[in-house]
Amino acid sequence: PLMFQIADVVLINKCDVLPVFDDFDKDRVTERIRMRNPNCDIIFISAKTGEGFEEWANWLRREIRAFQEA
């Protein structure tokens with residue numbers, strides 16, 4: 001899909017429930033996104049556990065800084 005081709009970042013939410021889905025493979029998802037856009041960042045996040053939020057916040061900070069410096 002086009003959204004993966006032009007995205008700067010892809011957030012995959014609800015990663016805390018991924019173990020329940022035995023057919024979901026994080027590596028395969030990452031590989032497929034990278035096939036369409038090798039330059040985007042991929043961040044797995046969970047509001048329940050907090051996983052990925054620091055990485056996402058750091059990504060946002062870098063983007064804001066880059067925008068302000070441009």
Run the numbers on I12 and I33 for side chain to side chain contact (heavy atoms under 4.5 Å, CB included), then give the verdict. CA-CA 11 Å; I12 300 179; I33 293 170; 4.2 Å; yes
Determine whether T30 and F44 satisfy the following criterion, side chain to side chain contact (heavy atoms under 4.5 Å, CB included), listing intermediate values before the conclusion. CA-CA 10 Å; T30 299; F44 290 84; 3.8 Å; yes
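In this structure, the side chain of R28 does not engage the main chain of F24 through any donor-acceptor pair within 3.5 Å.
Each side-chain hydrogen bond (donor to acceptor under 3.5 Å, both in side chains) pair with one or both residues in residues 58-70, not counting sequence neighbours, appears once here: D41-W59, N58-R61.
Looking at heavy atoms from C-beta onward, R34 lies in side-chain contact with I42 at the 4.5 angstrom threshold.
With rounding to the nearest 0.5 Å, the separation of OG1 in T49 from CG in D16 is 5.5 Å. Atom CD in Q5 sits 10.5 Å away from atom CE in M3 (nearest 0.5 Å). Put simply, CD on E31 and NZ on K26 are 16.0 Å apart, with the number rounded to the nearest 0.5 Å. A distance of 10.0 Å separates CZ of F4 from CG of N37, quoted to the nearest 0.5 Å.
When all heavy atoms of N13 and S46 are compared, the pair lying nearest together is OD1-CA, 4.3 Å.
V29 and V9 end up in different hydrophobic clusters when Ile, Leu, Val, Met, Phe, Trp and Tyr side chains are linked at under 4.5 Å.
Screening L60, L11, I43 for a side-chain contact (heavy atoms from CB on, under 4.5 Å) with E55, the sole residue that qualifies is I43.
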